[in-house]
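See structure below.
First listed ligand is number 1; within each ligand, the first listed atom is number 1. Index from 1, following the sequence.
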Amino acid sequence: MAPNKKIAIGWFSFSCCEDSTIVFSELLNDHWKEWKELFDFRHVKVLKSNNIMDAFDIAFIEGAIASPEHVERIKDIRSRTKKLVAIGACAVTGLPAGQRNNFTKEQKERIAFLVERFGALPEVKTVAQVVQVDASVPGCPMDEKKFLEAVTALVTELRPELAQPSPAHA
Ligand code: SF4
């Protein structure tokens, strides 16, 4: 398969613990052979240091959106990708990364200096509150089965010829 026919993917982490990144890298133990033929890993920092930030077919987003810098970055990623997938509970629901949203008034007052010091948003946001999301994978960390289902569905949509090889190539 020519390199430019591969599906260009990016994996990006925002406010989170990156456990879904670990799950993703563990999945490579079983899927590396298949995925290295299918995917162009253009921006996946856990796998390589020379990452390319241009255009993506699929961008996977882990973590919640907690600062104005995050908002700008996620909008930039959205503008570069055909499909965007929210990965894990923090990206999909905002929790647990955004638990300060549920603090009492008194608790919020006590952490206000930290919110200001780190230049954070007043309230932590889900990915879908900031940009359009095409698919979501729940779980903390992400549900492996649902991740694989989402990947298969996107590959089928973006490159049906890759997901469903003709009998001659099967
Ligand atoms: S959803 Fe869970 S595993 Fe994923 S970043 Fe948030 S806390 Fe970590």
*Taking only heavy atoms of P141, which atoms of ligand 1 are found under 4.0 Å from at least one of them?*
3 (S)
*A55 to A8 - nearest heavy-atom pair and separation*: O-CB, 3.8 Å
*Hey, is P96 one of the residues with a heavy atom under 4.0 angstrom from ligand 1?*
yes
*In terms of residue, atom name and distance, what is the protein heavy atom nearest to atom 5 (S) of ligand 1?*
C16 CB, 3.1 Å
*Please say which of I74, I87, V85, I77 ends up in a side chain to side chain contact (heavy atoms under 4.5 Å, CB included) with V127.*
I74
*asked:* Among all protein heavy atoms in this structure, tell me which lies nearest to atom 4 (Fe) of ligand 1, with the distance rounded to 0.1 Å.
replied: S20 OG, 3.8 Å
_Assess whether a salt bridge exists between R78 and D134, defined as any Lys/Arg side-chain N lying under 4.0 Å from an Asp/Glu carboxylate O._
yes
_Nearest-neighbour protein heavy atom for atom 2 (Fe) of ligand 1, which is reported as residue plus atom name and distance_ = C140 SG, 2.3 Å
_Under a 4.0 angstrom heavy-atom cut-off, which atoms of ligand 1 come close to D19?_
3 (S)
*Atoms of ligand 1, numbered as shown, that sit under 4.0 Å from any heavy atom of A89*: 1 (S)
*Do the charged groups of D40 and R42 touch, with an N to O distance under 4.0 Å?*
yes
*asked:* Return the closest protein heavy atom for atom 6 (Fe) of ligand 1 as residue, atom name and distance.
replied: C90 SG, 2.2 Å
*Provide the closest heavy-atom pair for T126 versus Q129 in the form atom of the first, atom of the second, distance.*
N-OE1, 2.8 Å
*Can you tell me the protein heavy atom closest to atom 8 (Fe) of ligand 1 and the distance?*
C17 SG, 2.3 Å
*Residue pair V137 / A150: nearest heavy atoms and the distance that separates them*: CG2-CB, 4.0 Å
*Is a side-chain donor-acceptor pair under 3.5 Å present for Q99 with N101?*
no
